[in-house]
Protein chains: 2
Amino acid sequence: MKRTKFDITYHVDTEELARFAKALAHPVRVKIIKYLSEQTFCFTGDLLDVIPLAQSTVSQHLKELKNAGLIEGEVNPPKIKYCINRENWEKAKSLFCIFFDINLDDKSCMI
Amino acid sequence: MKRTKFDITYHVDTEELARFAKALAHPVRVKIIKYLSEQTFCFTGDLLDVIPLAQSTVSQHLKELKNAGLIEGEVNPPKIKYCINRENWEKAKSLFCIFFDINLDDKSCMI
DNA sequence: AAAATCAATCGTAATTTTACGATGAATTAA
DNA sequence: TTAATTCATCGTAAAATTACGATTGATTTT
């Protein structure tokens with residue numbers, strides 16, 4: 001961003017969806033989330049086995065996912081146990097569903 | 001990005017989802033898509049009435065959405081008519097649904 | 001033919017992102 | 001206590017993003 005004459009305001013949902021999208025705007029971060037969906041949790045070291053980037057770089061990506069609220073880390077000395085933040089995950093899912101015009105309620109119609 | 005020792009490869013879906021997410025990683029672009037969903041089509045001028053940014057800036061955002069394949073522009077001299085690229089839209093929807101573990105088939109169960 | 005309109009592109013500048021190695025803090029193991 | 005580990009953070013550099021005004025090219029209107 002740069003010198004904007006005045007601040008632009010968007011709808012909360014628009015801004016929030018963009019924030020979630022931004023968090024997912026890098027393949028490494030998508031991969032981390034996918035990994036977490038499969039493993040339910042993991043330590044940074046597990047990711048380093050799977051992602052050929054420096055530890056500091058992966059840590060940076062984790063930070064972004066954490067800042068976006070998509071994951072959370074629990075201290076499990078000396079490691080840190082990461083997992084998906086379910087509450088915000090549902091929030092993101094909901095926003096994307098509305099955006100893509102998907103009616104989640106239809107699922108309640110399952111036999 | 002910067003000096004990476006070697007190229008990293010990701011799954012096609014991972015890369016594609018990240019690309020779509022990146023296109024939606026800015027509130028203005030989310031707003032444009034939302035606008036297009038409601039109006040089915042629009043001209044750049046319509047967007048300028050709604051978005052308080054320079055014409056060149058909006059044009060840049062449109063270009064990004066076009067490059068990601070989410071929208072398409074049809075020349076309608078002297079204007080350009082924009083609309084959502086349905087094919088890629090469905091592709092994006094599908095990728096996000098898989099990512100969020102949403103089973104679209106459940107919709108076929110509607111009464 | 002000249003003027004007006006529309007939208008893309010260019011050039012530029014500030015900011016943000018991405019990546020690395022090095023360092024540091026906290027905890028565990030020897 | 002010392003050494004090893006785990007992960008965050010710092011400092012840095014290259015690249016990408018975001019925004020603007022100005023210009024250009026295409027078309028339409030006068």
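Residue numbers start from 1 in every chain, and the chains themselves are labelled A, B, ... in the order their sequence lines are given, proteins ahead of strands.
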Using a 4.0 Å heavy-atom cut-off across all strands, classify B:Thr44 as base, sugar-phosphate, or nothing.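 If one applies the 4.0 Å heavy-atom cut-off, B:Thr44 turns out to touch the sugar-phosphate alone, with no base involved.
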How is B:Gly73 classified with respect to the nucleic acid when contacts are heavy atoms under 4.0 Å: base, sugar-phosphate, or nothing? nothing
What N/O pairs connect the protein and nucleotides 25-30 of chain D at under 3.5 Å? Give each pair on its own line.
none

To the nearest Å, how far apart are [X] [atom1] and [N] [atom2]?
{"X": "A:Asn67", "N": "C:dT17", "atom1": "CG", "atom2": "P", "result": "10 Å"}
{"X": "A:Leu62", "N": "C:dT18", "atom1": "CG", "atom2": "C1'", "result": "14 Å"}
{"X": "B:His26", "N": "D:dA16", "atom1": "NE2", "atom2": "C1'", "result": "13 Å"}
{"X": "A:Leu48", "N": "D:dT5", "atom1": "CG", "atom2": "P", "result": "15 Å"}
{"X": "A:Asn76", "N": "C:dT28", "atom1": "CG", "atom2": "C1'", "result": "13 Å"}
{"X": "A:Ile51", "N": "D:dC7", "atom1": "CD1", "atom2": "C1'", "result": "15 Å"}
{"X": "B:Leu47", "N": "C:dA8", "atom1": "CG", "atom2": "C1'", "result": "15 Å"}
{"X": "B:Asp46", "N": "C:dC6", "atom1": "CG", "atom2": "P", "result": "10 Å"}

Enumerate donor-acceptor pairs with a distance under 3.5 Å from any side-chain N or O in residues 52-65 of chain A to protein atoms, sequence neighbours excluded.
unit_1: A:His61; atom_1: ND1; unit_2: A:Arg29; atom_2: NH1; d: 3.0
unit_1: A:Glu64; atom_1: OE2; unit_2: A:Arg29; atom_2: NH1; d: 3.2

Side chains of A:Lys34 and B:Tyr10 in contact at under 4.5 Å (non-hydrogen atoms):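 Counting from C-beta outward, A:Lys34 and B:Tyr10 never come under 4.5 Å.
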Would a 4.5 Å heavy-atom cut-off, applied to side chains only, mark A:Val30 and B:Asp13 as touching? no
Side chain of [X] (C-beta onward), nearest among [options]:
{"X": "A:Ser56", "options": "D:dC20, C:dC20, C:dC6", "result": "C:dC20"}
{"X": "A:Thr57", "options": "C:dC20, D:dC20, C:dA8", "result": "C:dC20"}
{"X": "A:Lys22", "options": "C:dT16, D:dA19, C:dA8", "result": "C:dT16"}
{"X": "A:Phe43", "options": "D:dT18, D:dC7, D:dC20", "result": "D:dC7"}
{"X": "A:Ile80", "options": "C:dT18, D:dA19, D:dC7", "result": "D:dC7"}

Kindly say if B:Ser59 contacts the phosphate of C:dA8, meaning a side-chain N or O under 4.0 Å from OP1 or OP2. yes
Can you see if the side chain of B:Lys63 gets near the phosphate of C:dT9 - specifically, an N or O under 4.0 Å from OP1 or OP2? yes
Taken to the nearest 0.5 Å, the spacing of A:Thr14 OG1 from B:Ile32 CD1 works out to 11.5 Å
CZ of B:Arg19 to CG of B:Leu95: how many Å apart, nearest 0.5 Å?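 So the CZ of B:Arg19 and the CG of B:Leu95 are separated by 11.0 Å.
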Could you tabulate the donor-acceptor pairs under 3.5 Å formed by side-chain atoms of residues 38-47 of chain B, not counting sequence neighbours?
unit_1: B:Asp46; atom_1: OD2; unit_2: B:Phe43; atom_2: N; d: 2.9

Starting from the 5' end of DNA chain C, give me the residue, A:His61 or B:Lys66, whose nearest nucleotide shows up first.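 Comparing both residues, the 5'-ward one is B:Lys66.
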Identify, between B:Gln60 and B:Gln55, the residue whose nearest nucleotide on DNA chain D lies closer to the 5' end. B:Gln60
Could you give me the CA-CA distance, side-chain angles and deciding distance for B:Phe100 and A:Phe96, then say whether ring-ring contact (aromatic ring centres under 6.0 Å, His included) is met? CA-CA 9 Å; B:Phe100 281 110; A:Phe96 275 103; 5.4 Å; yes
